[in-house]
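Below is one structure, written out as structure tokens, with a few remarks after it.
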Amino acid sequence: MARLLWPLVRVLLLLEVAAAVNFLHHRYEEMVQALFSVQNECPYVTRIYSIGRSVEGRHLYVLEFSDYPGIHEPLEPEFKYVGNMHGNEVLGRELLLQLSEFLCEEYRRGNERVTRLIHDTRIHIMPSMNPDGYEVAAKQGPDSIGYLTGRNNANGVDLNRNFPDLNTFMYYNGEISGPNHHIPLPDNWKSQVEPETLAVIQWISNYNFVLSANLHGGAVVANYPYDKSLDQRFRSHRRTVNTPTPDDKLFQKLAKTYSYAHGWMHRGWNCGDYFADGITNGASWYSLSKGMQDFNYLYTNCFEITLELSCNKFPPEEDLERQWMANREALVAFIEEIHQGIKGMVSDENNNGIAGAVISVQGISHDVTSGNMGDYFRLLLPGTYTVTASAEGYQPQTVTTTVGPAAPSLVHFQLKQDMVRKPPERKTSGTRTNNKALQKKVVPRATHRGTQR
């Protein structure tokens, strides 16, 4: 009898999944309801938190997926998606709500791929960074001709032109052999940014994000750093000069992962533009200053790309299902890209984690640092690398390691105290951790001028 009923049960499960997904535009209250609905359906692997409020007081909500929600598990990387940075570019917002429901439902169904992703990755999803702007855009509707209506926040500021300009410092540092990562913020930076920008900067300062994408609209292309051209320091007009990061080949691979998993992005011709392989260097498209993408790379350990996902910034509801089907595999595949390169623990001779240790890869002039518990993550393409870990008060350690095409290589460092320069006093970390989780993780197992990012 059970065998006869099982096909019917499977059909009912599929119907339940289909019923959970509604391809509609969600106003703020509806978006919040959708997020809490997912949390209610998957309470043991999700958590909702707010990183702050918008100008008009709306929460900037994040939905987290993890096997230990609210806890950083050492050696488990942190990933984020950010949508709706421009209030009138709404597809990303809807896709991230769909993705949240998809991950929850597939986890409940026992989908091995999704289960592994949630167990091995801490995923943070922010559907809307600019809820105030969205409400302005939504009032005019998708059929209005107001192309820029709702783009900015409630103070009329473009949030993707509102982050501290670290590129200029970086270009100058390159000339004087200064730091190439975690560039300090100017003293007065808080007075120069909007509430939404401030909330995001504090967010990415508190979480050791490794990989990220922010979702936009108005074109169809995967855009990678740098967004700001070196030449922009000297010329006020726009320049289209390819301006690669030290991780250019890796960024191209990350962008292609999304492009080729997307329904049509990789074809190149979209929205009247042509981008080979559906990807572009940001500054090669047009130079953009004070953007979030470059800021992530220069201020944190996070590698971020910008995904332009639709020609129509506010697509009609009847197009949402088609867009979801085109982006679903790409959204999942891009998260999986976080599991490559090397990762490990940096500890002292007593096996205490060392926070803020610098991880340098020979030949790549961009370093990353270890997190509060001493764990680090360095995305790398397959190959053989010479890697050095260094920290104040300790002797540096250098190893040679080979990175394969699949899972990240586990490379631990144990630093000896430098008797000449003692390490600073250890501070108790406020980060919640899970020692049981640590034991688990250590075991290897063509330019389109109508578009503005």
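Residue numbers count from 1 along this sequence.
With ring centers used as reference points, Y376 lies 6.0 Å or more from H412. Ring centroids of F209 and W203 are separated by less than 6.0 Å, placing the two rings close together. The ring of Y297 has its center closer than 6.0 angstrom to the ring center of F251. The six-membered or imidazole ring of W264 lies away from that of H266, with a centre-to-centre distance of 6.0 Å or more. Side-chain rings of Y207 and H124 approach one another, their centers coming within less than 6.0 Å.
At distances below 3.5 Å, not a single donor-acceptor pair connects side-chain atoms of K80 with backbone N or O atoms of S212. Looking only at distances, a side-chain donor or acceptor of D348 sits under 3.5 Å from a matching main-chain atom of N351. At least one donor-acceptor pair closer than 3.5 Å links the side chain of Y81 to the backbone N or O of L331. D165 places a side-chain N or O within 3.5 Å of a backbone atom of N167 that can act as its donor or acceptor partner. Of the possible polar contacts, none joining the S284 side chain to the V241 backbone as a donor-acceptor pair under 3.5 Å is found. Looking only at distances, no side-chain donor or acceptor of S287 sits under 3.5 Å from a matching main-chain atom of A283. With hydrogens and angles ignored, the 3.5 Å screen pairs no side-chain donor or acceptor of E308 with any backbone N or O of V220. Put simply, the side chain of Y134 gets close to the backbone of H26: a donor and an acceptor are under 3.5 Å apart. With hydrogens and angles disregarded, a donor-acceptor distance shorter than 3.5 Å links the side chain of D375 to the backbone of L75. Checked by atom type and distance alone, the side chain of T197 never pairs as donor or acceptor with a backbone atom of V193 at under 3.5 Å.
Between K253 and E337, at least one side-chain nitrogen of the basic residue sits less than 4.0 Å from a carboxylate oxygen of the acidic one, meeting the salt-bridge criterion. Under the 4.0 Å criterion applied to side-chain N and carboxylate O atoms, K256 and D277 are assigned as salt-bridge partners. With respect to the salt-bridge test (charged N to carboxylate O, under 4.0 angstrom), the residues E349 and K416 do not qualify. Electrostatic pairing of E329 and R113 counts as a salt bridge here, judged by a charged N lying under 4.0 Å from a carboxylate O. Remark: K290 does not engage D158 in a salt bridge, criterion side-chain N to carboxylate O under 4.0 Å.
Judged purely by distance below 3.5 Å, without hydrogens or angles, the side chains of T168 and K228 pair a donor atom with an acceptor atom. With no hydrogens or angles considered, no side-chain donor-acceptor pair links Q202 and N206 at under 3.5 Å. With no hydrogens or angles considered, no side-chain donor-acceptor pair links H181 and T369 at under 3.5 Å. Residues N162 and E194 have side chains that never bring a donor and an acceptor to within less than 3.5 angstrom of each other. In the model, S360 has no side-chain atom that pairs as donor or acceptor with a side-chain atom of T388 under 3.5 Å.
Each of N242, L288, T243 was checked for a side chain to side chain contact (heavy atoms under 4.5 Å, CB included) with S229, and the lone residue meeting it is T243.
Every residue was checked against the disulfide bond (SG atoms under 2.5 Å apart) condition with C302, not counting sequence neighbours, and none meets it. Among residues two or more places apart in sequence or in another chain, the side-chain hydrogen bond (donor to acceptor under 3.5 Å, both in side chains) test is passed with N214 by H216, E304, T306.
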Check against salt bridge (charged side-chain N to carboxylate O under 4.0 Å, His left out), R116 and D67: CA-CA 10 Å; R116 182 170 60 251; D67 52 346; over 6 Å; no

Residue pair N223, W285: steps toward the side chain to side chain contact (heavy atoms under 4.5 Å, CB included) verdict: CA-CA 9 Å; N223 175 101; W285 187 7; 3.7 Å; yes

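Scanning both residues, A219 and C271, for their nearest heavy atoms gives CA-SG, 3.8 Å.
Under a cutoff of 6.0 Å and an axis angle of 45°, R122 and F79 do not form a cation-pi pair.
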